[in-house]
Amino acid sequence: MAITNNVTQLIFMGLFQDREAQRVSFIVFLPMYMATMLGNGLIILTVNTSKSLSSPMYFFLSHLSLVEICYSSTIVPKFISGLLTENKTISLDGCMTQIFFFHFFGVAEILLLTVMAYDRYVAICKPLHYMTIMNRPVCHMLVFSSWVGGMFHSIIQILSTVQLPFCGPHVIDHYFCDLHPLFKLACTDTFVEGIIVLANSGLFSVISFLFLISSYVVILVHLRNQSAEGRRKALSTCASHITVVLLFFGPAIFLYLRPSSTFTEDKLVSVFYTVVTPMLNPIIYTLRNAEVKNAMRRLWVKNVNLGGD
């Protein structure tokens, strides 16, 4: 039976209803988005132009920064521009597209964080075999698999959503299109779709999170046999990774590991992982990594010298 959609356009309620709060949000979130683009872009540029950052760890870091740029850009530009307009609208097709890419890049990031945890495990627990195990073809295969995994996950999510009929209302209680708020607008029971989201997003996030934490526990146990200097350097790198994992997975598990419903806090939690976390990641990785900071410094000096000539 063909799906009848009386709704072709959706209206976002937004983060705040108060106009003054919206203007303040614009002033706060626009610089944060620009910092996300500049910070992650700088990491990509630095890794790809610096010979000292040729190890697999930095190869994965540059791809993580690329995912962060894509992930944030799926949501934030539309959100920020909506803060200055009365009518915050999006077509139903545009909404589905936003959901697809939001989940695509989100799961690609989860898988990349898993790959980075594996890279640290091999580097710390099997240092003599590190370059053999993590050779360039393997690194490319792991990154490619992360993108494919994100694509596969997102296809499942969107296939369970596009077949839903929408016949009104057309106001979505959020500032971007996501599954739970959209399900509330469907004029049919969405219990099965809610279970699919629970399994495909919620349980996947929990399993990935437990795997990542377990891998870092193994690494930390193994560090007991390292020298003091080796422990310090490894702990510094792992601390950055663990911080990013906690910042990313906490909100994801909160939002998706429960039945389809919308809480008031959801929108505030969503701001954290769509706007704040992508901005913090480059800061976390650069502030705790002397090699990245030195490479950025050399890149800056080189460009200044070229500009002076």
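When a residue number appears, it is its place in the shown sequence, counting from 1. What you see is a predicted model, and the numbers here were worked out from it, not measured in a lab. Only heavy atoms go into these numbers, but all of them, side chains included; no hydrogens, no water, no symmetry mates.
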Kindly state whether the ring of Tyr273 and the ring of Phe248 have centres lying under 6.0 angstrom apart.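 Centroid distance Tyr273-Phe248: not below 6.0 Å, so no.
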Start with the C-alpha gap between Ser73 and Tyr33, add the side-chain angles, then the distance that decides, and say whether side-chain hydrogen bond (donor to acceptor under 3.5 Å, both in side chains) holds. CA-CA 8 Å; Ser73 296; Tyr33 177 65; 2.8 Å; yes
Taking all non-hydrogen atoms of both residues into account, name the closest pair between [X] and [Y] and its distance.
X      : Y      : value
Cys177 : Ile99  : O-CG1, 3.4 Å
Ala21  : Asp18  : N-OD2, 2.9 Å
Asp189 : Phe191 : OD2-CB, 3.2 Å
Val276 : Met32  : CG2-CE, 3.6 Å

With Phe176 as reference, evaluate Phe101, Tyr71, Phe102, Phe12 under the ring pair (Phe, Tyr, Trp, His ring centres under 6.0 Å) test and give the passing residue.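 Option passing the ring pair (Phe, Tyr, Trp, His ring centres under 6.0 Å) with Phe176: Phe102.
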Please check this pair: side chain of Gln157 against backbone of His153, looking for a donor-acceptor N/O pair closer than 3.5 Å.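 Looks like no, no N/O pair under 3.5 Å.
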Closer than 3.5 angstrom, by distance alone: can the side chain of Lys302 be matched with the main-chain N or O of Arg297 as a donor-acceptor pair?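 No, Lys302 side chain to Arg297 backbone: no donor-acceptor pair under 3.5 Å.
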How about [X] and [Y]: does a side-chain donor come under 3.5 Å of a side-chain acceptor?
X      : Y      : value
Tyr175 : Thr274 : yes
Ser55  : Tyr130 : no
Ser215 : Arg120 : no
Gln17  : Gln22  : no

So if you build clusters from Ile, Leu, Val, Met, Phe, Trp, Tyr with side-chain heavy-atom gaps below 4.5 Å, do [X] and [Y] land together?
X      : Y      : result
Val218 : Tyr118 : yes
Leu38  : Val67  : no
Val244 : Leu210 : yes
Leu112 : Phe144 : no
Leu212 : Ile207 : no

How are the rings of Phe105 and Trp147 set to each other: parallel, tilted or perpendicular (split at 30° and 60°)?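 Taking Trp147 first and then Phe105, their aromatic rings stand perpendicular (interplane angle over 60°).
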Cation over ring, Arg136 on Phe59, under 6.0 Å and within 45°?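 Yes; both conditions hold, so Arg136 lies above the ring face of Phe59.
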